[in-house]
Q: 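The following block contains the structure, expressed as structure tokens.
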Amino acid sequence: MVKGYVILGLLSAAFALVGTCVCSSSSSSRFDDLFQPSWALDHFTYQGDVLNMKLDNYSGAGFSSKSKYLFGKVTVQIKLVEGDSAGTVTAYYMSSDGPYHNEFDFEFLGNTTGEPYLVQTNVYVNGVGNREQRLNLWFDPTKDFHSYSILWNHRQVVFLVDETPVRVHTNLEHKGIPYPKDQPMGVYSSIWNADDWATQGGRVKTDWSKGPFIASYTGFQIDGCKCPDSVASRCAAASGDPKQFWWDQPTMSELNVHQSHQLLWVRANHMVYDYCSDTARFPATPLECQHHQH
Ligand SMILES: *[C@@H]1O[C@H](CO)[C@@H](O)[C@H](O)[C@H]1NC(C)=O
Ligand SMILES: *[C@@H]1O[C@H](CO)[C@@H](O)[C@H](O)[C@H]1NC(C)=O
């Protein structure tokens with residue numbers, strides 16, 4: 001009996017030290033509410049609800065979320081660099097910190113005028129990436145804003161373009177495959193010069209006379225479990241019953257029938273590279289590819 005109380009006491013003391021993960025559903029179209037510039041502040045301009053971030057021959061630029069999150073959904077509307085964007089990469093991603101970090105990436109690879117952007121996605125688990133997929137889009141991403149989202153819950157990570165799923169990374173822990181679930185992640189975006197690899201395998205270089213290269217953003221939305229910085233690493237333990245959040249409801253544990261069809265359509269018509277089928281690079285099929293993900 002007494003022993004029980006002591007353990008309870010210790011537990012609640014530990015809990016108080018750890019703090020709790022505040023589940024906050026933040027929804028805002030204002031950049032400042034959720035994000036802050038993280039480098040090259042002079043490469044940012046604001047027009048109403050639109051943020052422009054530029055790359056020139058002096059610098060790229062980047063922004064990051066003010067908080068870190070453990071599960072939820074992040075959406076940003078982006079209009080990519082118009083005209084000649086060859087050599088440039090605009091990245092939008094979630095990442096945790098440290099050498100064994102997790103990361104979910106959208107990287108938009110620019111192209112010469114009139115040639116299509118490529119969207120590269122990647123997933124890092126415990127510091128290991130090498131899970132690239134590449135697709136082209138069914139619209140010109142430089143003409144209008146389109147929404148790009150990452151849904152992250154205990155069962156799956158879903159990459160969405162205008163709410164159409166383009167990639168699913170499924171939790172296969174029951175097969176012994178690690179799944180990102182206990183490191184809070186920040187949300188980031190940046191634009192930089194990557195002309196050593198980005199466009200047509202690095203053959204096309206950035207033409208600085210066509211700059212500055214501007215990516216525009218609006219419609220920022222984060223609906224997630226927000227983790228106070230000081231306790232971020234312990235957030236997982238404190239986040240309680242996952243079922244209380246909409247993104248962990250049973251219906252969110254896998255794609256619905258309509259979404260599954262959408263994903264099949266994207267893969268059949270727009271995918272240009274999938275690490276899962278790159279046998280030159282991976283003679284042994286990566287484990288998670290053997291249990292196919294859709
Ligand atoms: C750029 O355009 C070329 C020619 O259409 C295409 O092969 C390539 O995949 C496009 N994207 C990138 C990033 O190179
Ligand atoms: C950057 O580009 C501008 C315009 O093309 C040019 O005038 C300037 O000298 C360049 N600066 C550097 C550091 O290359």
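As the structure lists them, so they are numbered: ligands from 1, and atoms in each ligand from 1. Values below: all heavy atoms of this structure, side chains included; hydrogens, waters and symmetry mates excluded.
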Q: Check whether any N or O atom of Y117, backbone or side chain, sits under 3.5 Å from an N or O atom of ligand 1, and answer yes or no.
A: no
Q: Describe, in one word, how the ring planes of F44 and Y46 are oriented to each other, choosing from parallel (under 30°), tilted (30 to 60°) and perpendicular (over 60°).
A: parallel
Q: Would you kindly say whether Q183 and D97 are connected by a side-chain donor-acceptor distance under 3.5 Å?
A: no
Q: Relative to ligand 1, is L109 under 4.0 angstrom through side chain, backbone, both or neither, heavy atoms considered?
A: both
Q: Is it the case that the side chains of H154 and N171 hold a donor-acceptor pair, with the cut-off being a distance below 3.5 Å and no angle test?
A: no
Q: Determine, counting only non-hydrogen atoms of the protein, whether one lies under 4.0 angstrom from atom 5 (O) of ligand 1.
A: yes
Q: Which word best sums up how the rings of Y179 and H169 line up, parallel for under 30°, tilted for 30 to 60°, or perpendicular for over 60°?
A: parallel
Q: What atoms in ligand 1 come closer than 4.0 Å to a heavy atom of P116?
A: 1 (C), 2 (O), 5 (O), 10 (C), 11 (N)
Q: Parallel, tilted or perpendicular: which describes the rings of W152 and F71, with under 30° parallel and over 60° perpendicular?
A: tilted
Q: Report the nearest protein non-hydrogen atom to atom 8 (C) of ligand 1: residue, atom name, distance rounded to 0.1 Å.
A: N111 ND2, 3.8 Å
Q: Show which atoms of ligand 1 fall inside a sub-4.0 Å distance from at least one heavy-atom site of G110.
A: 13 (C)
Q: Taking non-hydrogen atoms only, is A198 closer than 4.0 angstrom to ligand 1 via side chain, backbone, both or neither?
A: backbone
Q: Tell me whether the rings of Y92 and F106 are parallel (<30°), tilted (30 to 60°) or perpendicular (>60°).
A: parallel
Q: For atom 9 (O) of ligand 1, what's the nearest protein heavy atom and its distance?
A: L118 CD1, 3.7 Å
Q: Examine F31 together with F63 and report whether their ring centres are nearer than 6.0 Å.
A: yes
Q: Is there a nitrogen or oxygen of T199 sitting under 3.5 Å from a nitrogen or oxygen of ligand 1?
A: no
Q: Which protein non-hydrogen atom lies closest to atom 3 (C) of ligand 1, naming both residue and atom, and how far is it?
A: Q200 NE2, 3.6 Å
